[in-house]
Amino acid sequence: MVKMLNRRRKHHRAIARKVNQRLFRYLGVTILGIIFCLFASHALSAQELPNAEGGADLIVQSSHTPRGTLMTGNQISLNGRTLPGAWLQEPGTGGEVRTHLSDGALRQFIGVDLLSSNNTASQPVEWFSSANQPLVLASKLLPGYRYLDMTNFAQKAGWRFQANGNILAIAMPPAEIKNIRQSQQSSGVTNPPFRSARIVLDLDRPAPWQLSQGLPITPSTNSPNPTPQPNREWVVAVDGITAPALSQQYAPSTSAQRTAAIVRQLEVINNRTIISLSVPFGMSPQVLTLADPHRLVIDLGYDSLVQREINWSPGLRWRQQLVNLGTERFPIVWLDINPRQAGLSLKPITTNPTNQAGIAPLIQMAQQHLAVAAVNAGYFNRNNQLPLGAIRRDGQWLSGPILNRGAIAWNDSGQFYFGRLALQETLIAANNQKFPILFLNSGYVQSGIARYTPSWGNSYTPLTNNEIIIVVQKDRITNQLPGGKAGERAVSIPQDGYLLTLRADATSTASQLPIGTTLSINSNTNSPEFNRYPHIMGAGPLLVQNNQIVLDAAREQFTPAFINQRAARSAICTTTNGSLMLAAVHNRAGGLGPTLAEHAQLMKNIGCVNALNLDGGSSTSLYLGGQLLDRSPNTAARVHNGIGVFLQSP
């Protein structure tokens, strides 16, 4: 009897356990469902999930997050320093959290080298690894960026991830620089007689590093061999400390006068070692990492550009190499684009979405428009930050052409046209009086009549003193206003019309255009071909047309100083196979950048059959996925506009 009761009690307890388990599962699913709903409705709600090392990755669901991802953001906290960098987290096939960083952030802030590759689905990289066995990371293309899966890479390297809102915190084990070794060898350049150099940092473990360009270094007055061009400062920053004895050798207090030294000074600030290098004019550093033992190698030379060809995404290839022109060698970085690739498009981009005033770094402009790639494009006035040349987007003139200068036109089907562009507009009054309109939506100021439409912005502020402003609504003059002093009074641009501004000797025309006059406008470009295309970008001069160099900068009213200047230059061109190329050319080995004539020949040498020179000098910038490919971001000037490349993610 007792045994029977005991069996019944055990049976009842087993039933109770099963009921409790089922109830727990039911309640758990219900609670998780409630939590999920809360996450979906609050962009900053959070959930902690275990990471590979037993810590916690904080995952936040954003209302703008792509389907299937847990969180995205555009800031990275690297060992306590907050930096701009795109990232995302998503669930893996086994339920784990997969963390992806944009390749631009990896390259700029961690020093991961992207190697040549033909596979758009993966990216071989080198970071304190064997050159014979590069690491290969899976890639994912989303609006604006290409992301690389860092999960396994980070686990092996001992990194820790923690996401919080828009920021992904990355913590890495601290590194130490154990020794610095220097060597020099003949550079092969005899005038001036510089020697190339190699600097090797011995580390106890891999560490993030960053390279940036600084200001020119004025030669010491006591220097026995002053150079015609000052040395340039380059800064290598390593996330790690340096042994005190080693730091003392390059202490700032003892190196202030050592401008001829390669390593000018070394400082340890907030667990980062900052090394300032004095690099002779015409040379630049190339940094690579080595394993077993871990080393950071800095080579200074005249031909420091690493040849690279990366199939970055379907229809978009990143290429760079040194290109010969006679006895000179020029570093060229370019994007080779298939304009007929499904999901790919090009559009003019500007700094300000509401009006045509303003300048900004190309990186900021491209990211604001969610462009995956971009190049700086047309000219502008750096003082008033207004455009000086043609910008037409989706059939609307944001800025009209000037001076019959070179321009490129295109449509969304991958067709292009290059030529010299002028726009003829004629104002026709009811009595058939005709008045030439010289400029449309332009920051270029000359006497005569100019026209400003809502594409210019909500208002127009006079650019010269004593303009007369004529307000036109629904093809009828509704008001005349004195402009007053330049820059003081903004006049609203009617959404159903435009403004005419009469400058200098054109002000006498006001009496012929009284209030109530009915107007019409005849508008045409100098070539019917330009009328066919919805998108136009003007710059100049035109370099190559139909496989022939047609450079005539004087005809396009560029000054002799501009024509003969040696400077960094940008270009856009098409090739025989119909691809489009965006290119940036910088200083030749041991000298300054190309002249316009050299620029035209270089574009032909890389395969251009039609080519247009874009704004250059400090404006020259080539952007791809969060990074500048051709220069340090801190050396790039702010620009007014660019040409953006857009890719729809698969």
Side-chain angles (χ1 to χ4, degrees), residues 334-335 346-351 356 359 362 365 374-382 385-393 397-410 416-423 439-444 525-527 529-530 533 535-545 549-559 561-563 565 567-574 580-585 593-600 602-603 608 610-623 630 636-645:
W334 73 96
L335 298 177
L346 285 89
K347 292 234 178 136
I349 57 176
T350 56
T351 303
Q356 294 310 306
I359 58 177
L362 184 67
M365 193 188 309
V375 66
N376 70 291
Y379 299 105
F380 58 96
N381 185 312
R382 198 167 289 281
Q385 303 182 0
L386 294 175
L388 298 174
I391 308 172
R392 185 159 80 174
R393 185 173 62 209
W397 288 106
L398 307 184
S399 175
I402 63 171
L403 305 174
N404 199 32
R405 287 181 170 175
I408 178 176
W410 70 95
F416 298 89
Y417 177 75
F418 290 76
R420 295 183 177 94
L421 171 64
L423 177 68
F439 303 103
L440 171 64
N441 291 341
S442 181
Y444 187 69
T525 59
N526 58 329
S527 169
E529 285 295 316
F530 279 116
Y533 295 91
H535 313 302
I536 294 177
M537 181 61 74
L542 191 65
L543 301 174
V544 183
Q545 192 173 35
I549 292 179
V550 295
L551 175 64
D552 190 347
R555 175 182 173 185
E556 298 185 29
Q557 300 189 44
F558 288 99
T559 65
F562 178 88
I563 295 171
Q565 182 184 21
R569 300 192 183 276
S570 303
I572 183 169
C573 79
T574 54
L580 179 80
M581 298 199 297
L582 310 177
V585 187
T595 63
L596 283 172
E598 289 172 327
H599 191 36
L602 286 168
M603 291 303 100
C608 298
N610 297 286
L612 174 70
N613 179 66
L614 303 173
D615 189 12
S618 60
S619 295
T620 297
S621 305
L622 186 61
Y623 169 90
D630 63 310
R638 294 169 175 260
V639 296
H640 176 275
N641 59 76
I643 297 173
V645 181

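Considering CD1 of I408 and OH of Y417, their distance stands at 12.0 Å, rounded to 0.5 Å. The distance from atom CZ of F380 to atom CZ of R638, rounded to the nearest 0.5 Å, is 10.5 Å. Between atom OH of residue Y623 and atom CD1 of residue I349 there is a gap of 9.0 Å, rounded to the nearest 0.5 Å. Of the inter-residue distances, the one linking L543 atom CG with I549 atom CD1 reads 8.5 Å to the nearest 0.5 angstrom. In this structure, CH2 in W397 is found 7.0 Å from OG1 in T525, a value given to the nearest 0.5 Å. Note that the CD1 atom of I402 and the OH atom of Y379 stand 9.5 Å from one another [nearest 0.5 Å].
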Between T574 and F418, is the side chain to side chain contact (heavy atoms under 4.5 Å, CB included) condition met? List the steps. CA-CA 9 Å; T574 54; F418 290 76; 3.7 Å; yes

Between V585 and M603, does a side chain to side chain contact (heavy atoms under 4.5 Å, CB included) hold up when you go through it step by step? CA-CA 10 Å; V585 187; M603 291 303 100; 3.8 Å; yes

Evaluate side chain to side chain contact (heavy atoms under 4.5 Å, CB included) for L582 paired with I572, printing each intermediate quantity in order. CA-CA 5 Å; L582 310 177; I572 183 169; 3.6 Å; yes

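In this structure the side chain of H535 reaches within 4.5 angstrom of the side chain of P348, judged on heavy atoms. In this structure, V645 and L580 have side chains that are not in contact, with every pair of non-hydrogen atoms separated by 4.5 Å or more. Inter-residue side-chain proximity for F416 and N610 is flagged as unmet; no heavy-atom pair is nearer than 4.5 Å. A 4.5 Å side-chain heavy-atom check between V375 and L614 finds at least one atom pair inside the cut-off.
Shown here are the side-chain contact (heavy atoms from CB on, under 4.5 Å) partners of C573, two or more places apart in sequence or in another chain: M581, C608, A611. Residues passing the side-chain contact (heavy atoms from CB on, under 4.5 Å) test with L403 are R405, Y444, Q557, sequence neighbours excluded. The side-chain hydrogen bond (donor to acceptor under 3.5 Å, both in side chains) search around N376 returns S570, not counting sequence neighbours. Residues that satisfy the side-chain hydrogen bond (donor to acceptor under 3.5 Å, both in side chains) test with R555, not counting sequence neighbours, are absent from this structure. By the side-chain hydrogen bond (donor to acceptor under 3.5 Å, both in side chains) test, E529 pairs with R532, sequence neighbours left out. Residues satisfying the side-chain hydrogen bond (donor to acceptor under 3.5 Å, both in side chains) test with E556, not counting sequence neighbours, are R420.
Between the side chain of T620 and the backbone N or O of S618 there is no donor-acceptor pair closer than 3.5 Å. Of the possible polar contacts, none joining the Q356 side chain to the P387 backbone as a donor-acceptor pair under 3.5 Å is found. Looking at W410, its side chain does come within 3.5 Å of a backbone N or O of L346 through a donor-acceptor pair. In this structure a side-chain-to-backbone donor-acceptor pair under 3.5 Å is missing from T595 to I563. Looking at H640, its side chain never comes within 3.5 Å of a backbone N or O of N381 through a donor-acceptor pair. With hydrogens and angles ignored, the 3.5 Å screen pairs a side-chain donor or acceptor of S399 with a backbone N or O of N441.
Exactly one residue among D552, V550, L551 makes a side-chain contact (heavy atoms from CB on, under 4.5 Å) with L542. That residue is V550.
Residues P594 and A567 approach most closely at CD-O, 3.1 Å, considering heavy atoms. The shortest non-hydrogen separation linking F530 to A409 is CD2-CB, 3.7 Å. The nearest pair of heavy atoms linking A553 to L596 is CB-CD1, 4.0 Å. In terms of heavy atoms, A390 sits closest to L421 at CB-CD2, 3.7 Å. Taking both residues in full, the closest heavy atoms of L612 and M537 are given as CD2-O, 3.9 Å, listed atom of the first, atom of the second, then distance. For the residue pair L398 and T350, the shortest heavy atom distance occurs at CD1-CG2, 4.3 Å.
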